[in-house]
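Bear in mind that the values here come from a model prediction, so they are computed numbers and not experimental data.
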Amino acid sequence: MRFFSLMLLVPLVWVFRETTIGLCFVSFVFPSLLSLTMGLILSRLSGDTKEEVITVREGAVIVTFSWATVIVISALPYMIYGLLNFSQAIFEATSGWTTTGLTMFRNVEGLPKPILFWRSLTQYLGGAGFAVIMMSTIIGPTGLGFYQAEGRVDNIAPNIRHSTRLIITYYLLYALFGTIALKLAGLNLFDALNHSFTALATGGFSTKNNSIAFFNKLSVELILMFLMFLGAMGFGIHHAFWSRDWHALKKNSEPKQMLILIFLGTVSVAFAGVGKVFSMMPDAIRHTVFQIVSALTGTGFSTVDLRSWLVFPTGFFVLIIFMLLGGCMDSTSGGIKQYRLSVLIKAFNISLRRFLLPKSSVVYVEIWKGSAKKYLDPQLIKEAFLTSAVYVISHALGTIILTLFGYTLEEAMFEFASALAGVGLSCGITSANMPLGAMWTLTAGMFMGRLEFLVVVYALAKIFSDLFKSFSEQA
């Protein structure tokens, strides 16, 4: 919380460009002081506690409540400034920290720069994972429960703190590269920094009302697609690259799967869209590949108005599927993840081979994540199937709930897939005037999807279990 209190003051770098300096200061200083006070109280309460290893269950509780607390405090600048009410501010903050990108603001170009930067910063921090960032100050093995509860199950280095420092180093270097590249492409420093942050975080918040369509520059789109792809790569893959572990990079199936999906999606949507939403093939390819990359990486940038795609079911359906699939494991991206897709494909392959081979045959299938090699086992297949099934079922339930508010099936499927997978592409449902029930449905989808459901379930199970034990002992 003390680290977070400092982050709340960073947007004030831009405060002197505003006419309402006093209000800007209050909007960020008050939440910062609140966060600092909470951090000091928690530090004092835990100061005399004997250091113990944090289990995955305990890590789930800490991560869930850390994210919930940070989201509430992050919403305060929007409310203090008078821009959003409580529900809208919680939605915006959740969209930021979960790197979704759906927004309550219709006119982002009219927002104060500190607020705009705060939106981008929440996505940048949320991309790496607030729990992972906190671990830079955690000593020894106590951070393991945090790391696994955050959905990052493979360490890129033997030591947890070292792994965290490597992640942060790569993240900072990529952000610097992206800012410089976008500046050279013609963006001003503020726009370049914000879009570098949100592209790398696969977040999608933009400083422009029409997102990337505002710039209408191929060079900007190419740079952003590269940054989005970087953000969607697992941290283990980045580490393998910088460690020059070319063998491991060659063996990782996730990047290759993503490239194949991007190619197939671009070809199918571009050819189907000519004469419907695109007038010429060059425009179709340019805009389709950007939307496909944005959907698959879970970013949410757009170069077209997707409301016009409501009459283009092929494109709509492909984007929904790609949003749910998501990027690589241990990345800033959301969704089911390419690693789990790879596990399910290999599991199907094993079943087919065992059917064709003699019964006494033993089949071993290796699967790589970063520099780590594993062999496919029932537990891995079970986890991949369970998580994928939960995503599909949750998407169906969320879609049904949204249709109860009068939205069409296509609109509901698209918008909830975008929220659940942390993407941010919108077909027009998300707005400050949407029904409150629909707003909180999307908010819950963003939160649960980012923490991959089971983390929240484990946290609640741990809490209720401890409460039940406490009551039993007292009785």
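- Residues passing the ring pair (Phe, Tyr, Trp, His ring centres under 6.0 Å) test with F447, sequence neighbours excluded: none.
- Defined by atom type and a distance below 3.5 Å, a donor-acceptor pair is present between the side-chain atoms of T303 and Q291.
- Contact annotation: the side chain of V390 never approaches that of I393 to less than 4.5 Å [non-hydrogen atoms, C-beta and beyond].
- The aromatic rings of H238 and Y170 sit tilted, their planes meeting at an angle between 30° and 60°.
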(message) Using side-chain hydrogen bond (donor to acceptor under 3.5 Å, both in side chains), reason through T20 and Y81 one step at a time and then give a plain yes or no.
(response) CA-CA 10 Å; T20 55; Y81 209 96; 2.4 Å; yes
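- Note that the CG atom of L230 and the OG1 atom of T202 stand 11.5 Å from one another [nearest 0.5 Å].
- Although no hydrogens or angles enter the test, the distance criterion places no donor-acceptor pair under 3.5 Å between the side chain of N349 and the main chain of I345.
- Annotation: K251, atom NZ; neighbour count of heavy atoms from other residues, nucleotides and ligands within 6.0 Å does not exceed 12.
- Ring geometry for F301 versus H195: interplanar angle of 30 to 60°, hence tilted.
- Side chain of S196 to backbone of A175: a donor-acceptor contact under 3.5 angstrom is found.
- Within 6.0 Å of CZ on F30 lie no more than 12 heavy atoms contributed by other residues, nucleotides or ligands.
- Heavy atoms of other residues, nucleotides or ligands lying less than 6.0 angstrom from CZ of F226 number 12 at most.
- Here the side chains of T403 and F416 are not in contact, with every heavy-atom distance at 4.5 Å or above.
- At least one side-chain heavy atom of I115 sits under 4.5 Å from a side-chain heavy atom of L83.
- Listed here is the closest heavy atom pair of A240 and S371: CB-OG, 3.6 Å.
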(request) Evaluate the criterion side chain to side chain contact (heavy atoms under 4.5 Å, CB included) for residue pair L116 and E109; output intermediate values, then yes/no. (result) CA-CA 9 Å; L116 281 174; E109 294 174 28; over 6 Å; no
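- Remark: the backbone N or O of G101 is paired with a side-chain donor or acceptor of S95 at under 3.5 angstrom.
- W309 and F312 have perpendicular rings, their planes meeting at more than 60° on a 0 to 90° scale where under 30° would count as parallel.
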(request) List the steps and the verdict of side chain to side chain contact (heavy atoms under 4.5 Å, CB included) for F117 and F190. (result) CA-CA 8 Å; F117 187 76; F190 185 77; 4.2 Å; yes
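- Nearest heavy atoms, T430 versus T103: CG2-O, 3.4 Å.
- Figure legend: K369 and Y339 shown as a cation-pi pair, the cationic atom lying under 6.0 angstrom from the six-membered ring centre and within 45 degrees of its axis.
- Defined by atom type and a distance below 3.5 Å, a donor-acceptor pair is present between the side-chain atoms of W97 and S74.
- In the displayed structure, F271 atom CZ is contacted under 6.0 Å by at most 12 heavy atoms of other residues, nucleotides or ligands.
- E411 and I429 get closest at one heavy-atom pair: O-CD1, 3.4 Å.
- For the pair M233 and E254, the minimum side-chain heavy-atom distance is 4.5 Å or more.
- Scanning both residues, Q88 and A432, for their nearest heavy atoms gives NE2-O, 3.0 Å.
- In this structure a side-chain-to-backbone donor-acceptor pair under 3.5 Å is missing from T99 to Q123.
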(request) Would you check, one step at a time, whether the test salt bridge (charged side-chain N to carboxylate O under 4.0 Å, His left out) holds for K208 with D191? (result) CA-CA 9 Å; K208 304 300 178 184; D191 288 341; 3.5 Å; yes
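- A side-chain donor from one of T387 and E383 sits under 3.5 Å from a side-chain acceptor of the other.
- Side-chain atoms of E415 and S426 include a donor-acceptor pair closer than 3.5 Å.
- How far CD1 of I336 is from CG of L341: 8.0 Å, rounded to the nearest 0.5 Å.
- Considering OG1 of T441 and CG of L420, their distance stands at 12.0 Å, rounded to 0.5 Å.
- For the atom pair W368 CH2 and I237 CD1, the distance stands at 12.5 Å (nearest 0.5 Å).
- The aromatic rings of Y171 and F235 stand perpendicular to each other, their planes meeting at an angle above 60°, with 30° marking the opposite boundary.
- The two atoms that bring L76 and P31 nearest to each other are CB-CG, 3.7 Å, heavy atoms only.
- A donor-acceptor pair under 3.5 Å is formed between the side chain of T332 and the backbone N or O of G231.
- Using the six-membered ring where Trp is involved, F278 and H287 have ring planes that are parallel, under 30° apart on the 30 and 60° scheme.
- The CG atom of L176 sits 11.5 Å away from atom CG of L200, with the distance rounded to the nearest 0.5 Å.
- A 4.5 Å side-chain heavy-atom check between S302 and L425 finds at least one atom pair inside the cut-off.
- Looking only at distances, a side-chain donor or acceptor of T98 sits under 3.5 Å from a matching main-chain atom of T94.
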(message) What verdict does the side chain to side chain contact (heavy atoms under 4.5 Å, CB included) test give for M104 and Y78, after you've listed the backbone C-alpha separation in whole Å, the side-chain angles of each residue and the deciding distance to 0.1 Å?
(response) CA-CA 11 Å; M104 292 282 99; Y78 305 125; over 6 Å; no
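- Salt-bridge annotation for E92 and R119: present, with a side-chain N of the basic residue lying under 4.0 Å from a carboxylate O of the acidic one.
- No donor-acceptor pair under 3.5 Å is formed between the side chain of E18 and the backbone N or O of C24.
- Contact check on E452 versus R340 returns a salt bridge, with a Lys/Arg side-chain nitrogen under 4.0 Å from an Asp/Glu carboxylate oxygen.
- Atom CH2 of W242 has 12 or fewer neighbouring heavy atoms from other residues, nucleotides or ligands inside a 6.0 Å radius.
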(request) List the steps and the verdict of side chain to side chain contact (heavy atoms under 4.5 Å, CB included) for V311 and K276. (result) CA-CA 8 Å; V311 295; K276 295 179 180 177; over 6 Å; no
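- Looking only at side-chain heavy atoms (C-beta outward), M434 and L442 come within less than 4.5 Å of each other.
- Annotation: side chain of L402 is not in contact with side chain of M413 (no heavy-atom distance under 4.5 Å).
- Ring geometry, F414 versus F316: the interplanar angle falls under 30°, so the pair is classed parallel (tilted spans 30 to 60°).
- A distance-only check finds no donor-acceptor pair linking the side chain of S294 to the backbone of F290 [under 3.5 Å].
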(request) Start with the C-alpha distance between S333 and S331, add both sets of side-chain angles, then the distance that settles side-chain hydrogen bond (donor to acceptor under 3.5 Å, both in side chains), and finish with yes or no. (result) CA-CA 5 Å; S333 185; S331 72; 4.6 Å; no
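- For F405, the CZ atom is densely surrounded, since the number of other residues' heavy atoms within 6.0 Å is greater than 12.
- Rounding to the nearest 0.5 Å places CG of L296 at 5.5 Å from CD of Q338.
- Pairing each heavy atom of I223 with each of A181, the nearest pair is CD1-O, 3.4 Å.
- Note: Y391 and F453 meet the aromatic proximity criterion, with ring centroids under 6.0 Å apart.
- In this structure a side-chain-to-backbone donor-acceptor pair under 3.5 Å is present from S243 to H239.
- The main-chain N or O of P313 is never found under 3.5 Å from a side-chain atom of E410 such that the two would form a donor-acceptor pair.
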